[in-house]
Asker: 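Following this message is one structure expressed as structure tokens.
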Amino acid sequence: MAISGKISVEVVIQVPVSKFFHILAKEFHNIQNICERVHEGNLHEDGKVITFKERIEAIDEEKKLIKYSIFDGDIGQNYKLFKDNVQVTETNNESASVKWTIEYEKINEDVKSPYGYLEFLEKSTIEVGDHLHKA
């Protein structure tokens, strides 16, 4: 079993690239008001609260790419390194492809790979996309 790895998921949403990217880059604090699973930076997974802190490391406006560093809390107890990147690309004028990539290094082989967190990102992307589409 590998201690480090990279996993990703790609979701197409019916929202223009600029609108979705803007909320991640400039209005991230509003995500907790949109996503049912986000409460004060806590992730609720199978009834268990997963805690962590998140910091934006870099924003590339031209490439529509944001790099995050995830640390402390439950994530910090299980992973030496945990980073996620999101890149938003245009599929047409009214929809966007959102690709999340997680790079991680577990503290030991007993720690599970973060597929649950990847699922959280996928579902949250859909929720935010639906919210922005209705707005």
Side-chain angles (χ1 to χ4, degrees):
M1 188 159 144
I3 293 209
S4 62
K6 202 181 253 194
I7 56 177
S8 63
V9 65
E10 195 163 351
V11 181
V12 175
I13 56 173
Q14 299 304 309
V15 176
V17 170
S18 59
K19 201 171 184 181
F20 188 80
F21 186 78
H22 177 80
I23 200 159
L24 292 181
K26 306 290 184 194
E27 296 182 20
F28 193 76
H29 59 280
N30 285 327
I31 297 294
Q32 68 185 14
N33 300 323
I34 298 170
C35 294
E36 181 181 316
R37 301 176 92 201
V38 178
H39 304 280
E40 298 177 303
N42 295 329
L43 164 62
H44 295 263
E45 182 178 352
D46 300 325
K48 182 180 180 227
V49 176
I50 306 296
T51 61
F52 59 88
K53 293 180 182 174
E54 186 170 41
R55 175 177 48 244
I56 294 176
E57 296 286 321
I59 297 175
D60 185 329
E61 296 276 346
E62 187 176 315
K63 293 182 180 177
K64 302 292 188 239
L65 173 69
I66 303 173
K67 297 182 178 190
Y68 300 93
S69 178
I70 313 296
F71 57 97
D72 284 352
D74 297 306
I75 296 290
Q77 290 177 11
N78 291 302
Y79 300 92
K80 294 178 188 177
L81 169 77
F82 201 98
K83 295 184 179 276
D84 65 36
N85 299 330
V86 61
Q87 185 158 27
V88 187
T89 56
E90 189 172 326
T91 56
N92 66 41
N93 287 339
E94 294 300 318
S95 64
S97 174
V98 181
K99 183 175 183 180
W100 290 95
T101 303
I102 298 173
E103 180 182 355
Y104 63 91
E105 182 180 351
K106 301 183 275 188
I107 58 167
N108 61 49
E109 290 185 10
D110 297 331
V111 173
K112 293 180 182 179
S113 296
Y115 289 104
Y117 185 73
L118 192 64
E119 180 185 345
F120 159 73
L121 292 171
E122 179 180 24
K123 288 181 179 180
S124 297
T125 298
I126 292 167
E127 270 186 276
V128 172
D130 288 349
H131 173 81
L132 293 173
H133 183 72
K134 292 175 188 172

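Because the structure is a prediction, the values reported are computed rather than measured.
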Asker: Report the distance from atom CD of Glu105 to atom NZ of Lys83, rounding to the nearest 0.5 Å.
Answerer: 12.0 Å
Asker: Can you name the residues that form a side-chain hydrogen bond (donor to acceptor under 3.5 Å, both in side chains) with Glu10, not counting sequence neighbours?
Answerer: Ser97
Asker: Would a hydrophobic clustering, with Ile, Leu, Val, Met, Phe, Trp and Tyr connected at side-chain separations under 4.5 Å, put Ile75 with Phe71?
Answerer: no
Asker: Could you tell me which non-hydrogen atom of Lys6 sits nearest to which non-hydrogen atom of Thr101, and how far apart they are?
Answerer: CG-CG2, 3.6 Å
Asker: Could you grab the distance from atom CG of Leu121 to atom CD1 of Ile102, nearest 0.5 Å is fine?
Answerer: 5.0 Å
Asker: Report yes or no: do Leu65 and Val88 belong to one cluster of Ile/Leu/Val/Met/Phe/Trp/Tyr joined by side chain heavy-atom distances under 4.5 Å?
Answerer: no
Asker: List the atom of Phe20, the atom of Leu132, and the distance in Å for their closest heavy-atom pair.
Answerer: CA-CD1, 3.9 Å
Asker: Do Val12 and Val86 belong to the same hydrophobic cluster, where Ile, Leu, Val, Met, Phe, Trp and Tyr are linked whenever their side-chain heavy atoms lie under 4.5 Å apart, directly or via other members?
Answerer: no
Asker: Any ion pair linking Lys123 and Glu119 (charged N to carboxylate O, less than 4.0 Å)?
Answerer: yes
Asker: If I take atom NZ from residue Lys19 and atom CD1 from residue Ile13, how far apart are they, to the nearest 0.5 angstrom?
Answerer: 10.5 Å
Asker: Measuring from Ser124:OG to His131:NE2, what's the distance to the nearest 0.5 Å?
Answerer: 13.5 Å
Asker: Rounded to the nearest 0.5 Å, what separates atom CD1 in Ile59 from atom CD1 in Ile66?
Answerer: 5.0 Å
Asker: What are the two closest non-hydrogen atoms of Val111 and Lys106, and how far apart are they?
Answerer: O-CD, 2.8 Å
Asker: May I ask you to test the Leu81-Glu103 pair for a side-chain heavy-atom distance under 4.5 Å?
Answerer: yes
Asker: Closest approach of Ile70 and Phe52, non-hydrogen atoms and distance?
Answerer: CG2-CD1, 3.6 Å
Asker: Do you reckon Ile56 sits in the same ILVMFWY cluster as Ile23, going by side-chain contacts under 4.5 Å, direct or chained?
Answerer: yes
Asker: Any idea which heavy atoms bring Val17 and Lys64 closest together, and the distance?
Answerer: CG1-CG, 3.9 Å
Asker: So which heavy atom on Ala96 is nearest to which on Pro16, and how close?
Answerer: CB-C, 4.5 Å
Asker: Could you grab the distance from atom CD of Glu54 to atom CG of Asp84, nearest 0.5 Å is fine?
Answerer: 6.0 Å
Asker: Check for me, please, whether Tyr104 and Val9 land in the same ILVMFWY cluster - side-chain distances under 4.5 Å, paths through other members count.
Answerer: yes
Asker: Answer yes if the ring centres of Phe82 and Tyr117 are under 6.0 angstrom apart, and no otherwise.
Answerer: yes
